[in-house]
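I have placed the structure first, in the form of structure tokens, so that the comments after it can refer back to it.
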Amino acid sequence: MFSRVNSGWIFTAVVVLPCVFGTCEVQAQFFNRQAVGGVSISTDGLLSSPSEAEIRELRENNRRDLKQAPQELAQPAEMRMISLRALVDAIKGAEGKNYQDLPPELLFLGGIQRLQYIFVYPDQQDIVLAGPGEGWKVDDRGNVVGETTNLPVLHLADLLVALQTTEAARRGGVSCSIDPTPEGRQRLDAYLAQQKAMHEGVPAGVEKALGKQAITLSGVPTTSHFARTMVASDYQMKRLAMNLDESPLKTLPSFLQLLTRSNARITNMMPRWWLACDYEPLGRGDEGLSWEIRGRGVKVMTEDEIVAEDGSVKQTGKSDPIAQKWCDSMNAQYSELSQKLPVFAELRNIMDLAVVAAVISKEQLSAKAGLDLATLVNESSTRLPEELPAPQWIDSRCSLMKRGREWVITASGGVDIDSWSVAGRVVDDENVGILRGRNAPSPESGLAWNSKESS
């Protein structure tokens, strides 16, 4: 954050970008338009928000093209199972088909909306994933969500990316960040130093000084739905924090609203928020043949940053009390917020998938099951949706709020998925093994089915 005291004014500048509500262009094929709300990506990688007409077209096209769930998967189930062996066979059997022509129960992983269990069955040479599921529909923003919960379903494309990037996750994790360039920060510092008082031209001057900001993605393909979900959730979070979007929860005011209500002085700091994994130790049973994914999955974290004269940024190791208060409030209401804004449930879904993939790799579950997962793990063996231009840049936007003689211009952050660390924290629990024993797949199970625990 940049501060300059001029004639009694304090100019406090932190960057906030336009919300990335979605993941792909509305002109693309249906399953490439699996948006978390819909954004447009230009051929040179610039993200921009779609018009209401484009969102309407996205929604209408998706509703026209979406195939409904088979009858046996249409009703809600507390625990729905999906067989990785059947998944491998189905993909092998669909050779020559376009991705969007695959059966919907395959594309949406049986309508599962949160992964909770991994069961290994050596006798059946299978690995089964399980979690709550139901039939699906297209919501008003074009997302494929559960019929009754409005929570997004899992995507086959995200599972494939998670399985294919476990080595990258082991080496350094998966992350995204959208940041001003050092040159942009220097230009902003120089611009603010010239201002004697706040006036209506300052927001445009701030945006021009900062210029385009860089999107950095690590560990996953930059053209994937997985990657764009990280970007979208990050900036929806910051739009809420910076009061650029009205919170759908009355009990979750923005950071700027909290700031204006407090007596705390704005200091020379840049609050940064990011979304990270938040799991309890995994439950393990049957000597590593049964696994339970535990915890809320996602948490918001914060830390102050300082900007050096050369425009570089350093973390202080400290957090602003008001930034932390907003962080704690969002964490406490994350589930409720996900009901209103599915992008946050999308993020939890990809984190769950990353953790599951890390467990399968770290614990060598395919070898224990006697199941060859090469069709899913090898990039050359699978067909992901047609790639879209990778998001690379976004235009700076600024939001202003006045508190007495202080003006706040607003902020930064990212997403960090350290699935390998999550997979390394384990507690033994015999109850997880009991569930595995009750739910072994039968020859009639097929790709997806409801667990006996749901009947």
Side-chain angles (χ1 to χ4, degrees), residues 1-3 10-21 175-180 213 230-278 295-307 313 315-348 351 396-404 406-416:
M1 183 175 286
F2 304 81
S3 294
I10 297 179
F11 299 95
T12 309
V14 185
V15 185
V16 171
L17 308 179
C19 176
V20 182
F21 285 113
S175 64
C176 86
S177 181
I178 306 181
D179 303 290
Q213 302 191 31
M230 290 195 295
V231 175
S233 57
D234 177 24
Y235 277 87
Q236 178 65 80
M237 172 189 67
K238 283 196 279 292
R239 283 187 70 88
L240 292 175
M242 292 320 186
N243 208 43
L244 290 173
D245 284 337
E246 182 179 357
S247 172
L249 303 177
K250 292 182 179 179
T251 51
L252 182 63
S254 70
F255 165 71
L256 292 189
Q257 289 169 325
L258 292 178
L259 192 61
T260 56
R261 297 172 190 173
S262 76
N263 295 319
R265 183 169 180 79
I266 301 174
T267 58
N268 185 25
M269 59 84 184
M270 179 184 287
R272 179 179 185 269
W273 293 277
W274 70 97
L275 294 150
C277 290
D278 186 29
R296 62 186 174 187
V298 186
K299 63 181 175 183
V300 187
M301 301 181 70
T302 186
E303 183 180 16
D304 293 351
E305 293 181 336
I306 57 174
V307 181
V313 175
Q315 281 69 45
T316 66
K318 301 177 182 179
S319 60
D320 173 71
I322 301 175
Q324 186 63 56
K325 182 178 180 180
W326 184 83
C327 203
D328 293 341
S329 181
M330 181 168 171
N331 282 331
Q333 301 176 80
Y334 195 90
S335 293
E336 293 83 354
L337 189 61
S338 296
Q339 294 279 348
K340 302 291 186 179
L341 298 172
V343 66
F344 294 115
E346 281 273 17
L347 179 66
R348 185 172 57 196
M351 286 188 174
S396 296
R397 292 291 183 268
C398 116
S399 170
L400 289 134
M401 182 171 287
K402 185 177 186 297
R403 189 188 70 170
E406 298 172 335
W407 290 80
V408 177
I409 304 180
T410 63
S412 81
V415 174
D416 181 26

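Between Ala276 and Met301, the closest heavy-atom pair is CB-SD, 3.9 Å. Contact between Ser329 and Leu252 at its shortest, heavy atoms only, is OG-CD1, 3.3 Å. Residues Leu256 and Met242 come closest through the heavy atom pair CD1-O, 3.3 Å. The minimum heavy-atom distance linking Leu240 with Pro248 is given by the pair CD2-CD, 4.1 Å. Closest heavy-atom contact between Cys277 and Lys299: O-CE, 3.4 Å.
To the nearest 0.5 Å, atom CD of residue Gln236 and atom CD of residue Glu346 are 12.5 Å apart. Note that the CG atom of Asn243 and the CG atom of Leu259 stand 11.0 Å from one another [nearest 0.5 Å]. The CZ atom of Arg239 lies 12.0 Å from the OG atom of Ser254; values are rounded to the nearest 0.5 Å. If you take CG on Leu258 and CD1 on Ile322, they are separated by 7.5 Å, rounding to the nearest 0.5 Å. To the nearest 0.5 Å, atom CG of residue Leu275 and atom CE of residue Met230 are 11.0 Å apart.
In this structure, the side chain of Gln333 does not engage the main chain of Leu249 through any donor-acceptor pair within 3.5 Å. Within the 3.5 Å criterion, the main-chain N or O of Pro253 finds a donor-acceptor partner in the side chain of Trp326.
Partners of Ser247 under the side-chain hydrogen bond (donor to acceptor under 3.5 Å, both in side chains) rule, at least two apart in sequence or in another chain, do not exist in this structure. Listed by chain and number, the residues in a side-chain hydrogen bond (donor to acceptor under 3.5 Å, both in side chains) with Asp328 are Gln324 (sequence neighbours excluded). Checked against side-chain hydrogen bond (donor to acceptor under 3.5 Å, both in side chains), Asp278 has the following partners two or more places apart in sequence or in another chain: Arg296.
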Could you list the donor-acceptor pairs under 3.5 angstrom formed between side-chain atoms of residues 334-341 and any protein atom two or more places apart in sequence or on another chain?
residue	atom	partner	partner atom	Å
Tyr334	OH	Phe344	O	2.8
Ser338	OG	Tyr334	O	2.9

